[in-house]
Protein chains: 2
Amino acid sequence: MSARKPDPRTGDIMLRHWREAVPNDRIAHLIKDSSRGLQRALQMRLARHNVSFGHWVFLRILWVRDGITQRELSEEAGLMEPTTFSALTSMEKLGYLERRKLPHSRKNVYVFLTPAGRQLKKKLVPLAEDVNEIAVQGIDPADVATTRRTLLVMIENIARDESEHADPTRAARMRRMLDVIDNEPTEDTDTKKSTDAFGV
Amino acid sequence: MSARKPDPRTGDIMLRHWREAVPNDRIAHLIKDSSRGLQRALQMRLARHNVSFGHWVFLRILWVRDGITQRELSEEAGLMEPTTFSALTSMEKLGYLERRKLPHSRKNVYVFLTPAGRQLKKKLVPLAEDVNEIAVQGIDPADVATTRRTLLVMIENIARDESEHADPTRAARMRRMLDVIDNEPTEDTDTKKSTDAFGV
DNA sequence: GGCGCATGATTAGCTCTCTAAGCATTTAGC
DNA sequence: GCTAAATGCTTAGAGAGCTAATCATGCGCC
C-alpha cells in the first residue's frame, strides 16, 4: 500500500516525478550510488597525493589521536581487525606511521604517526572539504539536515534489526558506528574553524 | 561556513543536537555507513538462499528483461564489465543463468535466466522489501522523500564534478547511473502491485 | 602458582569492485 | 575488398572489505 496516492495537496501534479512517489526502495539504491560517487570523488583527489581511500579513514582518526592500539583503531573506524591490519601494514611501508610495542605490554601494538603522516593532514583535509562542498551544492541546508537525520535513524533501525537477528558481532559493530558518529565532535572536514581547533 | 547558526525559528534549541548543526561533512560518513548497513542487512537475508549481494544486482535487472548482452547488463548495473563478467561466470556455475551466442553475432554474448534463476525472484524480492521497510521505520515519509531528492542532487553534483575533472569514463558511468534511476519504472521492491506487474 | 579463558595481532582465503591490457569480431572509410 | 577503428568479451592483477582460524600474551580464579 501507500503507492502513488495522487496527493492532491499541491497543484504541481505533473511535476511530481515518480521519484517522489515511489515508496521504500530505490532509497537503498540512491544511498549506494551516492556513497560510491562520494568515495570515488575523494579517491580521485587523494590519489594525486599517493593516498588511497582506505588509508584516509585511518589517517583521519590518527590525526586526532595516535598512540592507540590496532584494536581501538578498528573500532573507531568501524572496520574489522584484518582490514585495519592490512591497511596499517601498507601505510607503515609508505612511511606514514609506525607500529611500536610499548614496554608495559608485549601483546598490544601501538600506532604512531610519523611526521610525514602528520603533515598529510594539511594537504588532504581540504580535498575532503572540497568533495563535501561540491556534493551539497545548490541543496537547501535544511534538506541536508533532514537527510542527515533520516540516515541516522536508518542506521539505528538497521542496527536494531541486526541485534534482533542474533548476530552479536555485526550488531556490535553497527552500534559502535553510531557511538563514533555521536562522539566525534569535529574530527575532520567540518569547518575551517574546527579544523584549526585540532591544532593543525 | 554556515555552521551552527542558532536558528531561532523553533524553541527546541537545546534539542538541536550537533548532528543537525554540523555542516557538510559527516554526511559522507553517514551515507557510507548506512550503505554498508543496508547492504549487510540484505546480504544476511540473501545468504540464507545462497545468493550473494553481487548476484542480486544482476538478478534484479534480468527479472525485468533478459536476453541482453553483458555490456548492456553492465550499463544497467552501473558496474564495469569485468565486474559483470565475473559475477555472471559464478552465477552461471550456480545455474541461475546461461550465456548464449546467438547466430546473428559471434561477438555478443546474451544472458538468459534459467527457470531456477527466474524462480528466485519470488523468494528474494520480499527480503529486499523487508530491509527497506525496516530501514525507514518510524521515519516521516516526507523526510524519506526529501532524503531521496537530496541524494539524487548529490549524485548529479558529483557526476558534474567528475566530468569537469576530465575523466570521461567515470563521468559517463555516473551519468548512466542517473539515467537508470530515471528510467527504472518499477523494477524491484516497489509495491506488491508493481511486483506483480512483472509477471512473477 | 598454574590452568584456562579472554583479548589482540596475525594469516589465509573469500567477495566485490576497479583499471589496464589482451583478443576477437564487427563496422567504416578509403 | 582491405585495413583501421570501434566494440564486446576476457584475463590479470590490485585494493578494500569480510569471516574464520591461529598464535601469543595477559589475566582471573582456584
Side-chain angles (χ1 to χ4, degrees), chain A residues 32-33 35-37 39-44 46-47 50-58 68-75 77-94 99-111 162 167-170 172-174 177, chain B residues 32-33 35-37 39-44 46-47 50-58 68-75 77-94 99-111 162 167-170 172-174 177:
Chain A
K32 194 187 173 196
D33 285 355
S35 181
R36 290 208 294 156
Q39 175 161 341
R40 269 207 312 278
L42 182 53
Q43 213 158 27
M44 273 172 56
L46 293 175
N50 278 309
V51 174
S52 77
F53 183 77
H55 298 170
W56 162 258
V57 175
F58 294 103
I68 60 182
T69 64
Q70 293 193 186
R71 175 112 260 274
E72 289 174 287
L73 213 35
S74 297
E75 298 213 348
L79 297 172
M80 295 291 98
E81 288 190 63
T83 306
T84 305
F85 176 78
S86 62
L88 293 185
T89 301
S90 85
M91 289 168 79
E92 189 168 29
K93 278 202 198 98
L94 289 169
R99 282 190 280 193
R100 283 209 292 269
K101 300 214 172 193
L102 298 187
H104 67 83
S105 166
R106 271 186 303 170
K107 186 163 74 159
N108 297 12
V109 175
Y110 298 87
V111 180
E162 288 201 345
D167 191 334
T169 310
R170 288 167 178 285
R173 180 179 51 239
M174 211 67 205
M177 281 185 186
Chain B
K32 195 187 172 195
D33 285 355
S35 180
R36 290 208 295 156
Q39 175 162 340
R40 270 206 312 277
L42 182 54
Q43 212 157 29
M44 274 172 55
L46 293 175
N50 278 307
V51 174
S52 77
F53 184 77
H55 296 170
W56 163 258
V57 175
F58 294 103
I68 58 181
T69 65
Q70 293 193 187
R71 176 112 260 274
E72 288 174 286
L73 214 35
S74 297
E75 298 213 348
L79 297 172
M80 293 292 99
E81 288 189 62
T83 306
T84 306
F85 176 78
S86 62
L88 293 185
T89 301
S90 84
M91 290 168 80
E92 190 169 27
K93 279 202 196 97
L94 289 169
R99 281 190 279 193
R100 283 210 291 270
K101 301 215 173 193
L102 298 187
H104 67 83
S105 165
R106 271 187 304 171
K107 186 163 74 160
N108 296 12
V109 174
Y110 296 87
V111 180
E162 290 201 346
D167 191 334
T169 310
R170 288 166 177 284
R173 179 178 51 238
M174 211 66 207
M177 282 184 184

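Residue-to-nucleotide proximity on DNA chain D shows that, of A87(A) and N108(A), the 5′-proximal contact is made by A87(A). For the pair T69(B) and S105(A), nearest-nucleotide mapping onto DNA chain D gives the more 5' position to T69(B). Of the two residues near DNA chain C, E72(A) and F58(B), the one whose nearest nucleotide lies more 5' is E72(A).
Residue S52(A) has a polar side-chain atom (N or O) positioned under 4.0 Å from OP1 or OP2 of dA16(D). The phosphate of dA16(D) has neither OP1 nor OP2 within less than 4.0 Å of any side-chain N or O from K32(B). Residue T83(B) places at least one side-chain N or O closer than 4.0 Å to OP1 or OP2 of dC18(C). Contact check, Q70(B) against dT10(D): a side-chain N or O comes under 4.0 Å of OP1 or OP2. Taking 4.0 angstrom as the limit, R99(B) places a side-chain polar atom (N or O) nearer than this to OP1 or OP2 of dT10(D).
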With side chain to side chain contact (heavy atoms under 4.5 Å, CB included) as the criterion, how do K101(A) and K107(A) come out once you've worked through the C-alpha distance, each side chain's angles and the decisive distance to 0.1 Å?
CA-CA 8 Å; K101(A) 300 214 172 193; K107(A) 186 163 74 159; over 6 Å; no
Check the pair L94(B) / H55(B) against side chain to side chain contact (heavy atoms under 4.5 Å, CB included), numbers first and verdict last.
CA-CA 11 Å; L94(B) 289 169; H55(B) 296 170; 3.6 Å; yes
Decide yes or no on side chain to side chain donor-acceptor pair (under 3.5 Å) for R71(A) and T84(A), but give the supporting numbers first.
CA-CA 8 Å; R71(A) 175 112 260 274; T84(A) 305; over 6 Å; no
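Using a 4.0 Å heavy-atom criterion, one finds that S86(A) contacts no nucleic acid atom at all. Residue contacts for S90(A): at a heavy-atom cut-off of 4.0 Å it reaches no nucleic acid atom on any strand shown.
Here dG8(D) presents its P atom at 7 Å from CD of E81(B), a figure rounded to the nearest Å. In this structure, the CD atom of Q43(A) is 17 Å from the P atom of dA14(D), given to the nearest Å. Note: CZ (F53(A)) to P (dG15(D)) measures 16 Å, nearest angstrom. Atom CG in L79(A) sits roughly 10 Å away from atom C1' in dC18(D) (whole-Å rounding). For the pair L73(B) CG and dG8(D) C1', the computed distance is 13 Å after rounding to whole Å. Summarising the geometry, the separation between NE2 on H104(A) and P on dC27(D) is reported as 11 Å, rounded to the nearest angstrom. With rounding to whole Å, M80(A) atom CE is found 16 Å from dT15(C) atom C1'. Regarding L42(B), its CG atom lies at a distance of 12 Å from the P atom of dC16(C), rounded to whole Å.
Going from atom CZ of F53(B) over to atom CD of Q39(B) covers 4.0 Å, rounded to the nearest 0.5 Å. Annotation: the span from S35(B) atom OG to R36(A) atom CZ amounts to 9.0 Å, rounded to 0.5 Å.
Picking from dC18(D), dT10(C), dT25(D) the nucleotide with the shortest atom distance to the side chain of K107(A) gives dT25(D). Listed nucleotides: dC18(D), dC18(C), dG8(C). Nearest to the side chain of R71(A): dG8(C). Side chain of P82(A), nearest nucleotide from dT10(C), dT17(C), dT26(C): dT10(C). Of the candidate nucleotides dC18(D), dT25(C), dT17(C), dT17(C) has the atom nearest to the side chain of R36(A). For H55(B), the side-chain atoms get nearest to dC16(C) when compared with the rest of dT10(D), dC16(C), dA9(C).
Tested against L73(B), the residues L88(B), L79(B), V57(B) include a single side chain to side chain contact (heavy atoms under 4.5 Å, CB included) partner, L88(B).
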